[in-house]
Amino acid sequence: MPGPEPTHFERLILRVRQIPLGRKAWFVLGLLGLPVALAMFEGVATDPINWATWRTALFPTVALIYIVAVAPWIWRAEKEVAEGLRPLLNEGRNTYAVLVHQTWWHSSRGDWGAFGVGFLGAILLLVSSPPPETRYWAVRYWIVTVLVMYGALAWLIYAAMGSARLTALLHRYVLHQDPFDLTPFEPVGRQGLILALIFVGAITLSLLFIYTPTMFSQWQGIVIYSILTLATVSIFFTVMWPAHRVLQRVKEQKLAGVQHLIGRTFQKLETLAGERADTQRAATEVQAWLTLEQRLKQTRTWPYDTEMLRTLFLSVLTPLFVATARVVGVYLTEGHF
């Protein structure tokens, strides 16, 4: 289903994605090699084999590459949700396209606003930290990439929240009657999983590159990782909750109807038994309704399955494993935590 016109940021990312693979590889190598070349040219006092220092220097560039790589996943997931829910809405295809367009949250102004918030937040973090040696171009380049990285990260959170909001708004118009048919909601489950994995990946990437033993003893690290963790959890449940409410409401309605019929059929069975009439047909009917009741009680009301939960659980544990490995590595190499 065609969505609204791409925003400025979306056009930029899509153009970068369309660059041939060979050119993109050279471009990435150039971005990663530029701070190294500047440091060598200016004679910055950095040990070439001190990988810890270079991890910190290269992380902003690696994070920007990661954001450009994962952003299209958000757009593909939300389009799959819009297409999957379309049969459940009492609208024609053209009318539904207009509805999706109206509820879409993306705008160039919003993109720039989110980027600006992240950019200003990065300035505050840099100002509150010990001032770097800005007389070197290598350090200036690092500062610029840090500012852009935080702006892009804020934009990524904005884009993910917009995608989750679109899903929540579309569920207001859903007319679902079959509690056993979760097929239209499967894209919602995949969307929630994708958005959560994107932020889990960002957290893991940062732990791989910029972990220090004192990272979580400073307020800057606590604030940054609290925001990322909160964004991961809130986006996952923002996506899942509307679908759960729809499925739960349908399940409760059908279950109440079945239980009412069970009561009526049971009364009929009791009447026939009292009259010593044939009760086989009524007993079979009661058993059928009881079986249906048990089936309804066991029906899922969340748009994910066991495999999705397993993937999410393992991915959420990944940052913990990475942090533990880094702590052990520091202890083995330096003799302390």
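With contacts defined as side-chain heavy-atom distances shorter than 4.5 Å, the pair F185/V174 qualifies. Looking only at side-chain heavy atoms (C-beta outward), L255 and T299 stay at 4.5 Å or farther from each other.
The heavy-atom pair separating A63 from L205 by the smallest distance is CA-CD2, 4.2 Å. When all heavy atoms of W155 and A71 are compared, the closest pair comes out as CH2-CB, 3.8 Å. Between T145 and L64, the shortest heavy-atom contact is O-CD1, 4.3 Å. Here the closest heavy-atom approach between residue T167 and residue V239 is recorded as CG2-O, 4.1 Å.
Less than 6.0 angstrom separates the ring centroid of W112 from the ring centroid of F9.
Ring geometry for W302 against W241 counts as tilted: the plane angle lies between 30° and 60°, on a 0 to 90° scale.
Heavy-atom neighbours of R245 CZ from other residues, nucleotides or ligands within 6.0 Å: at or below the threshold of 12. Residue K251 places its NZ atom among more than 12 non-hydrogen atoms of other residues, nucleotides or ligands, all under 6.0 Å distant. At most 12 non-hydrogen atoms from other residues, nucleotides or ligands lie less than 6.0 angstrom from CZ of F27.
Distance CZ/F266 to CD/Q259: 14.5 Å, rounded to 0.5 Å.
Under a 4.0 Å N-O distance rule, the pair R86/E83 qualifies as a salt bridge.
Shown are E78, R76, E80; of these, the side chain to side chain contact (heavy atoms under 4.5 Å, CB included) with Q191 is made only by E78.
Distance alone, capped at 3.5 Å, places no donor-acceptor pair between the H171 side chain and the L85 backbone. Side chain of Y66 to backbone of I198: a donor-acceptor contact under 3.5 angstrom is found.
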